[in-house]
Amino acid sequence: MCGIVGHTGRRDIIAALVEGLEKLEYRGYDSAGIALAESGGLKTVRSVGRISRLREKLAGIVTDARCGIGHTRWATHGKPTEVNCHPHLSFGRRFAVVHNGIIENCRELRALCEDRGISPVSDTDSELIAHLLEFNYEGDPLRAVRKTADMLTGSFAVAALLADFPDEIYALRRTSPLLIGVGRGYTCLASDGCALEADCVYSLGDGQYARLTPSGAEFYSRGRRVSPRKIPPFDAAHCVRGGYEHFMLKEICEQPEAAARTVEALSGRRLRGRLLMIGCGSSYHAALSALPLAERATGKAACATTAGEFLCSEKTDGRGRTAVLISQSGETADTVAAAEEAARRGYSALAVANVPRSSLTRVCRRSVLTHAGPEISVATTKGFTSQAAALSAMLAPPPLAEEVRRLPFAIERALNCDGDASAAARLLKADKAAFFIGRKSDLGTALEGALKLREITYIPAFGLSAGELKHGSIALIEEGTPVVLVHTDPQLKDKSLLTAATVRARGGRVIAVTPDDEVAAAADLALRIPAVHPLLSPAVAVVPLQLLAYRAAVALGRDVDKPRNLAKSVTVE
Ligand code: M6R
């Protein structure tokens with residue numbers, strides 16, 4: 001989703017801003033822009049589309065600015081047009097503003113601007129912040145920032161330039177993350193550690209605001225100066241592709257280590273009692289794939305649902321139950337809202353997140369971390385496997401503990417099927433539907449495989465329970481229709497063999513993901529995986545599906561790491 005960068009004290013200000021924005025590209029965006037605090041006033045340069053287009057617009061621009069802010073926008077309020085693109089200028093061109101998040105009272109604020117004779121030029125909620133800052137400015141920038149923050153409801157991370165103080169940046173945040181870095185002779189900020197290069201990195205606390213100058217940053221809360229909270233520097237190795245063609249492939253290959261770190265960190269943690277597991281997208285699939293293990297471990301019925309559905313479900317009493325909120329980013333708005341709602345309904349809320357000190361870990365009473373490391377590709381891979389590994393580590397009964405510890409090795413062996421995944425990818429056609437089916441623990445894996453293929457190849461891919469195929473969807477199976485059958489549970493072998501035969505009898509091409517010889521033989525093509533306990537299989541069985549989607553996307557020439565319309569973390573409900 002949207003990304004923010006800012007620098008003060010840089011001679012190479014345009015390069016610093018654009019390089020920062022490029023590091024945020026992975027989050028997904030549809031337009032980008034920068035604002036410069038020049039001696040003659042504030043100047044903005046904005047463009048729709050990729051950062052490379054912004055670069056072209058900036059070529060040849062000479063500036064005396066040493067301070068500026070930049071933004072990548074993922075459209076929510078208003079289309080991806082240049083006028084909606086950030087930074088936004090205030091009516092008197094005194095302030096330039098970039099904003100992440102959603103201002104919930106934007107209608108009232110728009111009316112307030114109009115009452116004061118200002119007609120916003122864009123459709124965005126963000127532009128209103130710039131006007132409010134100028135309304136509230138009477139010579140003291142920090143006072144204006146504080147007054148403005150008090151007028152906003154919703155979530156925001158904001159960076160602002162003020163023409164009167166051309167070497168300062170003002171930052172404010174509520175809920176949406178914002179980090180501040182101090183280097184030698186310059187100070188910077190970013191919404192994501194990936195875009196910060198600094199000796200010391202601080203997190204701007206929730207509800208705090210700050211003034212950045214070339215020599216450092218001052219942090220404030222409710223009119224008082226406060227001590228900043230230092231955080232460990234971001235591991236820049238995660239931001240470089242390091243010889244891989246795409247971040248997605250790099251992250252697929254990092255899965256054994258990610259799972260090993262996660263299992264190591266969580267062994268000894270136990271999930272007990274009646275569980276409701278909640279997530280969105282792949283995190284929901286991780287929840288679904290862990291459901292049979294949760295029921296085996298607790299001996300009680302468990303449930304998995306999407307955060308969006310939980311939010312609109314009946315407000316039943318959750319007392320005595322644990323809600324497990326799963327999220328790679330920890331910033332997914334639906335999941336964060338579901339955590340708050342779960343607490344209101346009486347559940348004990350536990351976050352399983354990959355990003356420490358994220359919004360989700362803040363709102364949940366307890367949290368555990370997966371240890372995938374930063375994930376850059378929009379399509380999650382190591383994020384999913386480390387969630388599956390985390391749930392396995394916390395749920396597996398003692399006799400399976402050793403198997404859990406061996407999961408990273410099984411994941412490593414599953415990577416060997418890359419060659420077969422390329423062959424399987426050739427069975428997929430850009431405009432023809434593909435099916436992903438499985439039962440029990442394999443259902444969540446199958447749904448994840450379908451999502452992976454859909455999101456990076458745009459092939460219409462359906463994930464469903466293998467038992468459901470005959471209840472309607474089989475109507476779509478014709479000569480050559482690819483059906484990916486995930487089979488890991490020996491007890492379900494007869495059912496899987498029957499399903500394979502049923503599909504092939506209608507001309508469908510079965511691609512089996514399985515450790516089982518017989519099921520492999522019953523398929524047109526097999527992606528062989530090592531045998532692990534079926535309840536622990538999702539972290540392993542998903543690997544060939546990721547490779548299948550990846551190879552298909554490369555063959556189709558898709559933008560693998562930045563699929564159309566998608567954002568890395570969906571911070572709007
Ligand atoms: O950061 P989260 O795990 O909360 O994200 C949830 C989904 O938005 C995410 O898994 C999404 O479905 C991915 N694009 C899947 O690859």
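What you see below is based on every heavy atom in this structure, not just the backbone, and it leaves out hydrogens, waters and symmetry mates. Counting starts at 1 for both ligands and their atoms, in listed order. Just so you know, residue 1 is the first one in the sequence shown, and it goes up from there.
Each of the atoms 1 (O), 2 (P), 4 (O) of ligand 1 lies under 4.0 Å from some heavy atom of Ser329. Of all the atoms in ligand 1, the ones that sit under 4.0 Å from a non-hydrogen atom of Gln328 are 1 (O), 2 (P), 3 (O), 4 (O). Of all atoms in ligand 1, listed by their number and element, those nearer than 4.0 Å to a heavy atom of Ser283 are 2 (P), 3 (O), 10 (O). Numbered from 1 in the order shown, with element, the atoms of ligand 1 that lie under 4.0 Å from a heavy atom of Ala379 read 16 (O).
Closest protein heavy atom to atom 16 (O) of ligand 1: Glu455 OE2, 2.5 Å. Scanning all protein heavy atoms for the shortest distance to atom 4 (O) of ligand 1 gives Thr332 OG1, 2.4 Å. Among all non-hydrogen protein atoms, the one lying nearest atom 11 (C) of ligand 1 is Ser282 N, 4.3 Å. In this structure, atom 8 (O) of ligand 1 lies nearest to the protein heavy atom Val570 CG2, 4.1 Å.
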| query | How far apart are the C-alpha atoms of Arg528 and Asp420, what are their side-chain angles, what is the distance that settles it, and do they pass the side-chain contact (heavy atoms from CB on, under 4.5 Å) test? | reply | CA-CA 9 Å; Arg528 301 301 298 265; Asp420 293 332; 5.6 Å; no

| query | What's the verdict on side-chain contact (heavy atoms from CB on, under 4.5 Å) for Val543 and Ile529, showing C-alpha distance, side-chain angles and the deciding distance? | reply | CA-CA 9 Å; Val543 174; Ile529 51 171; over 6 Å; no

| request: Applying side-chain contact (heavy atoms from CB on, under 4.5 Å), run through Asp418 and Ile252 and close with a yes or a no. | output: CA-CA 11 Å; Asp418 194 16; Ile252 288 173; over 6 Å; no

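Residue contacts with ligand 1 include Leu451, since one or more of its heavy atoms lies under 4.0 Å from the ligand. At least one heavy atom of Lys452 lies less than 4.0 angstrom from ligand 1.
A donor-acceptor contact closer than 3.5 angstrom links the side chains of Gln255 and Thr385. Looking at Ser282 and Glu448, their side chains do bring a donor and an acceptor atom within 3.5 Å of each other.
When the heavy atoms of Ser327, Gly281, Cys280 are ranked by distance to atom 6 (C) of ligand 1, first place goes to Cys280.
Using a 4.0 Å cut-off between charged nitrogen and carboxylate oxygen, Lys23 and Glu19 do not count as a salt-bridge pair. Of the charged side-chain nitrogens involved, at least one lies within less than 4.0 Å of a carboxylate oxygen, so that Arg344 and Glu341 count as a salt-bridged pair.
Considering Lys382, Lys250, Lys568 as possible partners of Glu375, the one that fulfils the salt bridge (charged side-chain N to carboxylate O under 4.0 Å, His left out) test is Lys568.
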